[in-house]
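These notes concern the structure reproduced below.
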Amino acid sequence: MKFKKVRPDARTPLYGSADAAGADLYVCCDRETVIEAGETLMLPTGIAVAIPSGYVGLIFARSGLATKRGLAPANKVGVIDADYRGEIMVSMLNHSDTPQTIAPYERIAQLVIVPFVQQSYEEVDQLEDTERGAGGFGSTGRS
């Protein structure tokens, strides 16, 4: 996938293993950044991408940051549309009760590219019935 550095020191997104689904995104800053407990900061990656039409870029937490340090994207999953060409920014929330420090050029999130189907919506008076119906939030009885 084509990408452009919008900041000269930006790092190339990289996959951590041969079968990794997400490419690591790196913060693009040359000094430590402290995110206070409960605080959200916009972290620059220094790159813009050209996601192909019919695909979407999804920004997910890195599991180590989220589980060990309480750092994850504030919006849970970021969405990058195929027609967006601006810098990728990660809105990082510190869920922990202590300040967390992001090191210069640290891996902060992962980018997964997936196909999607864009639907048209038709308003109707009634929807067809299903076995589940309107049951939600644990209504299937499965643990």
Side-chain angles (χ1 to χ4, degrees), residues 1-124 127-128 130-143:
M1 183 168 62
K2 294 178 181 177
F3 81 98
K4 176 177 109 174
K5 289 184 177 182
V6 296
R7 297 172 191 249
D9 294 336
R11 303 296 194 253
T12 300
L14 295 173
Y15 292 97
S17 69
D19 290 327
D24 290 327
L25 296 176
Y26 299 79
V27 67
C28 187
C29 64
D30 58 4
R31 64 183 190 282
E32 291 184 340
T33 301
V34 176
I35 305 176
E36 298 295 333
E39 182 181 29
T40 299
L41 284 182
M42 295 296 285
L43 300 178
T45 65
I47 64 167
V49 295
I51 296 170
S53 182
Y55 291 81
V56 62
L58 301 176
I59 297 178
F60 292 99
R62 293 197 67 253
S63 59
L65 283 182
T67 58
K68 295 175 185 173
R69 295 172 51 195
L71 295 172
N75 53 347
K76 307 306 176 215
V77 178
V79 175
I80 304 171
D81 296 314
D83 56 355
Y84 177 67
R85 292 296 183 267
E87 180 179 10
I88 296 174
M89 302 288 287
V90 177
S91 174
M92 189 69 74
L93 172 61
N94 180 356
H95 293 274
S96 79
D97 57 2
T98 59
Q100 296 294 321
T101 301
I102 299 291
Y105 308 105
E106 183 173 350
R107 296 176 296 165
I108 56 169
Q110 54 186 324
L111 175 62
V112 178
I113 307 298
V114 297
F116 71 92
V117 176
Q118 193 176 59
Q119 297 288 305
S120 58
Y121 289 86
E122 175 187 356
E123 183 178 354
V124 296
L127 300 174
E128 53 275 353
T130 66
E131 184 177 331
R132 183 175 182 173
F137 299 99
S139 67
T140 62
R142 297 186 189 111
S143 298

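- Put simply, the side chain of L58 does not reach to within 4.5 Å of the side chain of L111, judged on heavy atoms.
- The minimum heavy-atom distance linking V56 with F116 is given by the pair N-CD2, 3.9 Å.
- For residues 40-67, every residue pair satisfying the side-chain hydrogen bond (donor to acceptor under 3.5 Å, both in side chains) rule, not counting sequence neighbours, is listed here: D24-R62.
- Heavy atoms only, all atoms of each residue included: P104 and V27 are closest at C-CG1, 4.4 Å.
- Residue pairs that meet the salt bridge (charged side-chain N to carboxylate O under 4.0 Å, His left out) test with at least one member in residues 71-85, sequence neighbours left out, do not exist here.
- Taken from CG in L71 to CG in L93, the straight-line distance is 8.5 Å, to the nearest 0.5 Å.
- The nearest pair of heavy atoms linking G22 to V112 is CA-CG2, 3.7 Å.
- Checked against side-chain hydrogen bond (donor to acceptor under 3.5 Å, both in side chains), E106 has the following partners two or more places apart in sequence or in another chain: R69.
- Counting only distance, with no hydrogens or angles, the side chain of K5 and the backbone of A10 share a donor-acceptor pair below 3.5 Å.
- Although no hydrogens or angles enter the test, the distance criterion places a donor-acceptor pair under 3.5 Å between the side chain of Q110 and the main chain of A61.
- The backbone N or O of C29 lies less than 3.5 Å from no partner atom in the side chain of Y26, so there is not a single donor-acceptor pair.
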Pair Y121-E123, side chain to side chain contact (heavy atoms under 4.5 Å, CB included): steps then yes or no: CA-CA 7 Å; Y121 289 86; E123 183 178 354; over 6 Å; no
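- Considering only heavy atoms from C-beta on, E87 comes within 4.5 Å of R7 through its side chain.
- Of the inter-residue distances, the one linking I88 atom CD1 with I59 atom CD1 reads 5.5 Å to the nearest 0.5 angstrom.
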Stepwise side chain to side chain contact (heavy atoms under 4.5 Å, CB included) test for Q119 and V117: CA-CA 6 Å; Q119 297 288 305; V117 176; 2.8 Å; yes
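- Between the CD1 atom in I35 and the CD1 atom in I108 there is a gap of 8.0 Å [rounded to 0.5 Å].
- Here the OG1 atom belonging to T33 is positioned 10.5 Å from the CE atom belonging to M92, to the nearest 0.5 angstrom.
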Derivation of the side chain to side chain contact (heavy atoms under 4.5 Å, CB included) call for L25 and I47: CA-CA 9 Å; L25 296 176; I47 64 167; 4.0 Å; yes
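- Between E36 and P99, the shortest heavy-atom contact is OE1-CG, 3.4 Å.
- Between S91 and M42, the shortest heavy-atom distance links the atoms CB-SD, 3.4 Å.
- Side chains of V49 and I113 form no contact here, defined as non-hydrogen atoms less than 4.5 Å apart.
- Using modelled atom types, one finds a donor on one side chain and an acceptor on the other under 3.5 Å when comparing N94 with S96.
- Taking the side chain as every heavy atom from C-beta outward, I102 and L41 never approach each other to under 4.5 Å.
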